[in-house]
Amino acid sequence: MAHAPVPVLTIDGPSGSGKGTISRLVADQLGWRMLDSGALYRAVGYAAGAAGIDLSDVDAVTRCAQTVKIRFQPSQDGGETHVLVNGHDATDELRTETAGAAASAIAVIPSVRQALVDLQLAFRKAPGLVADGRDMGTVIFPDAPFKVFLTASAAERAKRRYKQLKDKGLSVTLAGLQREIEARDERDASRPVAPLKPATGAVVIDTTGMPIEAVVAKVFAVVRP
Ligand code: DC
């Protein structure tokens, strides 16, 4: 008898829509694994930068994506997961807006996206996977039984990022963040390969003004109706 495929909940959406927070909470409650696919693109951008590679050099960035060693290290005390890039703990560097912009820039390269496919598929292990990104439901796990697309106004997303970054002691301005978010949305949504858009059948949730618990409840209703 064929085994039932491991269930996947895909949570796609633009930066600041709450995907990371919501994915983590839902994955913990379900006892499922989690894939933060944005961290992979951030790691490639970071590794390329660290190696002095020009991000517009498609061949060099592709080689970097094919060879980079990315390891997720869950914390022992329930805190945040650390990301090791070629053996270096790059957790803090990967969080910055610079890393986000670099990730968005290299994410338009089809061969870079291709280099990360198997790595992402390998996260699908029992009892289930929550996959957070831009193309989880459209490209990487098109057969996922549960698909969600989270969104929120650019102003609200900028406010959330502002608070997150301020809390981490980073120096940013709200207006600057909103501009960066809008530029990144535009690039992520307009690229020809795997653009940011809701997958067919995805439940779209606009989280503007919604408390986290309410969003979690809505996402949960998709998996356990
Ligand atoms: O989710 P994030 O902000 O960490 O993602 C950073 C960038 O990586 C995002 O602007 C576009 C890219 N990305 C992507 O192209 N596909 C994904 N599945 C995840 C992220």
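We count ligands from 1, going down the list as the structure has it; atoms in each ligand are counted the same way. Model, not experiment: these values are computed from the prediction. One is the number of the first residue; the rest follow in order along the sequence.
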Q: Could you tell me which atoms of ligand 1, counted from 1 in the order shown, lie closer than 4.0 angstrom to a heavy atom of M136?
A: 18 (N)
Q: Return a yes/no value for R113: is any of its N or O atoms, backbone included, closer than 3.5 angstrom to an N or O of ligand 1?
A: yes
Q.
Is the shortest side-chain heavy-atom distance between I53 and C64 below 4.5 Å?
A. yes
Q | For A103, the ligand 1 atoms whose distance to one of its heavy atoms is below 4.0 Å | A | 6 (C), 7 (C), 8 (O)
(Q) Is a donor from one side chain sitting under 3.5 angstrom from an acceptor on the other, for Q164 and R161? (A) yes
Q: Of the side chain and backbone of R187, name the one, both, or neither that has a heavy atom under 4.0 Å from an atom of ligand 1.
A: neither
Q.
Does any N or O of ligand 1 fall below 3.5 Å from an N or O anywhere on R191, backbone included?
A. yes
**Q.** D36-ligand 1 polar pair, N/O distance under 3.5 Å
**A.** no
(Q) Considering non-hydrogen atoms of the protein only, which is the closest contact for atom 20 (C) of ligand 1, and what is the distance? (A) G38 CA, 3.6 Å
Q. Hey, quick one: are I140 and V193 part of the same hydrophobic cluster, counting side-chain heavy atoms closer than 4.5 Å, chains of contacts allowed?
A. no
Q. Between D167 and K163, is a salt bridge (Lys or Arg N to Asp or Glu O under 4.0 Å) present by the stated rule, with each step listed?
A. CA-CA 6 Å; D167 287 349; K163 187 169 177 321; 2.9 Å; yes
Q. Quick one: which ligand 1 atoms are inside 4.0 Å of a heavy atom on R42?
A. 2 (P), 3 (O), 4 (O), 6 (C)
Q. With backbone taken as N, CA, C and O and side chain as the heavy atoms from C-beta onward, which portion of R184 lies under 4.0 Å from ligand 1: side chain, backbone, both, or neither?
A. side chain
(Q) Under 3.5 Å between any N/O of Y41 and any N/O of ligand 1: does that happen in this structure? (A) no
Q. Is it true that the side chains of S104 and R187 contain a donor and an acceptor less than 3.5 Å apart?
A. yes
Q.
Angle between ring planes, Y46 versus H88, binned at 30° and 60°: parallel, tilted or perpendicular?
A. parallel
Q.
I need the atoms of ligand 1 closer than 4.0 Å to a non-hydrogen atom of K19, numbered in the order shown.
A. 1 (O)
(Q) I need the atoms of ligand 1 closer than 4.0 Å to a non-hydrogen atom of A107, numbered in the order shown. (A) 12 (C), 15 (O)
Q | Sub-4.0 Å atoms of ligand 1 with respect to non-hydrogen atoms of D188 | A | 9 (C), 10 (O), 11 (C)
Q: Indicate yes or no: at least one non-hydrogen side-chain atom of T207 is less than 4.5 angstrom from one of R160.
A: yes
Q: Carefully, step by step, assess D135 and R191 under the rule salt bridge (Lys or Arg N to Asp or Glu O under 4.0 Å).
A: CA-CA 12 Å; D135 63 342; R191 68 182 176 219; 5.5 Å; no
Q | Close side-chain approach of V44 and L40, heavy atoms under 4.5 Å | A | no
(Q) Only heavy atoms of D135, strictly under 4.0 Å: list the atoms of ligand 1 that pass. (A) 16 (N), 17 (C), 18 (N)
